[in-house]
Amino acid sequence: VLLWMSSPVLAWWISVPPKITKSRVLSSGQTRSLRLIARRTWRFFETFVDERSHGLPLDNFQEDPEPVEARRTSPTNLGLYLLGTVAARDFGWIGTLEMVERLEVTLRTMSGLRRVRGHFLNWYDTGDLRPLLPMYVSTVDSGNLGGYLIALAQACREHVHRPVAGPEFLQGIGDALSLLTDAMRGAESSPRAQTVTAAQLREAAEATAAALQMLPATIPEQLHRLHELESRADDLLDIARTFASEIHDDSRTEILTWASAVHDCV
């Protein structure tokens with residue numbers, strides 16, 4: 001009986017977060033690795049959140065033994081995608097306009113989904129938006145979505161007062177360039193292309209990276225820098241397309257994907 005009566009105190013005591021004695025600062029290499037993992041993760045949403053899914057993220061994609069898309073979604077998936085969209089803007093992978101458009105499409109679809117007393121059901125078909133059987137409300141998923149929406153609302157309030165352009169955009173372009181460089185390493189061992197070589201593609205990537213220095217202070221200088229980046233990104237994508245058309249291995253898709261990402265980011 002005494003143990004049972006003391007359970008609230010014990011529950012509070014074991015739930016107190018541990019004291020952090022000191023904070024750790026990530027090295028530049030650790031920061032780069034984590035950014036590239038995050039950028040690859042955002043690629044999942046770029047690929048599979050589309051008109052077919054009505055702006056809803058699918059649950060998973062299976063690669064082996066054959067490609068299979070699990071075209072269903074849950075409240076947790078919805079919240080993760082919404083907050084991930086804001087994170088993509090914070091990292092500089094998409095602009096403010098694309099962020100807002102993505103959020104609007106998803107929230108508009110969500111407002112039309114069947115609910116029970118305000119709660120979303122646990123699974124929906126992303127094609128016809130019908131609830132999947134057996135229909136039930138998950139308190140875990142509803143709680144997850146609630147937390148995501150609170151964070152999303154605060155993020156949107158903050159974005160109202162943030163500058164339209166900032167150094168995060170140059171960093172976002174740099175992430176795509178780094179992944180392009182990684183993809184090129186796999187292509188360098190392939191038979192040399194006839195029209196352009198891997199060295200030419202690498203030179204174009206390095207020329208683009210050279211323009212990703214600190215963002216100029218004045219708007220005219222920023223516009224000039226963007227025009228320079230636009231020209232270099234156009235050249236980079238043209239060379240990547242020509243190079244990729246003449247190789248036939250797994251690196252071909254990766255090179256095209258990240259060269260396009262650099263171009264779209266600019």
Side-chain angles (χ1 to χ4, degrees), residues 1-46 48-49 56-63 70 72-94 96 99 102-103 106-107 110 115-124 136-163 166-176 178-179 182 214:
V1 172
L2 289 175
L3 285 174
W4 177 78
M5 292 177 63
S6 63
S7 60
V9 177
L10 291 173
W12 167 81
W13 180 67
I14 65 175
S15 300
V16 174
K19 292 183 179 179
I20 300 176
T21 56
K22 61 179 180 179
S23 60
R24 295 179 58 190
V25 179
L26 295 176
S27 67
S28 58
Q30 292 171 325
T31 301
R32 179 182 181 275
S33 296
L34 289 173
R35 283 189 66 99
L36 297 188
I37 290 172
R39 182 62 185 87
R40 291 188 184 99
T41 305
W42 175 244
R43 180 183 172 187
F44 171 85
F45 296 112
E46 283 183 314
F48 295 112
V49 179
L56 304 181
L58 54 78
D59 185 67
N60 64 80
F61 172 71
Q62 170 187 297
E63 291 186 342
R72 59 180 182 273
T73 197
S74 68
T76 296
N77 292 341
L78 295 173
L80 179 63
Y81 168 67
L82 290 171
L83 205 56
T85 301
V86 176
R89 165 61 182 82
D90 290 340
F91 280 116
W93 304 328
I94 62 175
T96 303
M99 177 191 75
R102 284 180 174 271
L103 294 178
T106 303
L107 292 172
M110 289 173 63
R115 283 176 279 180
V116 176
R117 298 180 182 178
H119 289 273
F120 288 92
L121 296 166
N122 202 60
W123 291 109
Y124 297 91
Y136 62 96
V137 171
S138 167
T139 54
V140 174
D141 279 77
S142 292
N144 289 342
L145 179 58
Y148 282 126
L149 291 177
I150 291 172
L152 173 67
Q154 184 59 34
C156 290
R157 293 188 188 101
E158 292 179 357
H159 272 288
V160 172
H161 304 288
R162 292 179 63 177
E168 68 273 10
F169 288 113
L170 299 183
Q171 295 170 359
I173 300 169
D175 291 336
S178 295
L179 290 167
D182 291 345
M214 186 176 296

Pairwise side-chain contact, [X] with [Y], heavy-atom cut-off 4.5 Å (strictly under):
X     : Y      : answer
Leu36 : Ser178 : yes
Val49 : Leu56  : no
Ile94 : Thr85  : yes

Listed once per pair and sorted, the salt bridge (charged side-chain N to carboxylate O under 4.0 Å, His left out) pairs that draw on [range], sequence neighbours left out:
range            : result
residues 36-45   : Arg39-Glu46, Arg40-Asp182, Arg43-Glu254
residues 144-158 : none
residues 72-89   : Asp59-Arg72, Arg89-Glu168

>> Holding to ring-ring contact (aromatic ring centres under 6.0 Å, His included), I want the full list of residues that pass it with Phe45, two or more places apart in sequence or in another chain.
In response: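 ring-ring contact (aromatic ring centres under 6.0 Å, His included) list for Phe45, sorted by chain: Trp42, Tyr81.
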> Among all residues two or more places apart in sequence or in another chain, which pass the side chain to side chain donor-acceptor pair (under 3.5 Å) test with Tyr148?
Replying inline: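 Partners of Tyr148 by the side chain to side chain donor-acceptor pair (under 3.5 Å) criterion come out as none, since no residue qualifies.
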>> Heavy-atom count check: over 12 atoms from other residues, nucleotides or ligands less than 6.0 Å from Gln62 CD?
In response: yes
Set of side chain to side chain contact (heavy atoms under 4.5 Å, CB included) partners for [X], sequence neighbours left out:
X      : value
Ala155 : Val86
Arg115 : Phe120, Tyr124
Ser138 : Asn122, Tyr136, Val140, Asp141
Leu149 : Leu82, Leu145, Leu152

> Taking the side chain from Ser6 and the backbone from Leu3, do they hold a donor-acceptor pair closer than 3.5 Å?
Replying inline: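 Looks like yes, one N/O pair under 3.5 Å.
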>> Show every side-chain hydrogen bond (donor to acceptor under 3.5 Å, both in side chains) that has at least one partner inside residues 28-37, sequence neighbours left out.
In response: Ser27-Gln30, Arg35-Asp175
Using a 3.5 Å cut-off and no angle test, enumerate the donor-acceptor pairs between side-chain atoms of residues 7-20 and protein atoms at least two apart in sequence or in another chain.
unit_1	atom_1	unit_2	atom_2	d
Ser7	OG	Trp4	O	2.7
Ser15	OG	Ala11	O	2.7

>> Minimum heavy-atom separation for Asn77 and Thr73, please, with both atom names.
In response: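 In terms of heavy atoms, the two residues are closest at CB-OG1, 3.3 Å.
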>> Could you go through Phe48 and Asn60, starting from their C-alpha distance and side-chain angles, then the distance that decides it, and tell me whether this counts as side chain to side chain contact (heavy atoms under 4.5 Å, CB included)?
In response: CA-CA 9 Å; Phe48 295 112; Asn60 64 80; over 6 Å; no
> What's the spacing between Gln171 CD and Asp90 CG if we round to 0.5 Å?
Replying inline: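 It comes to 11.5 Å.
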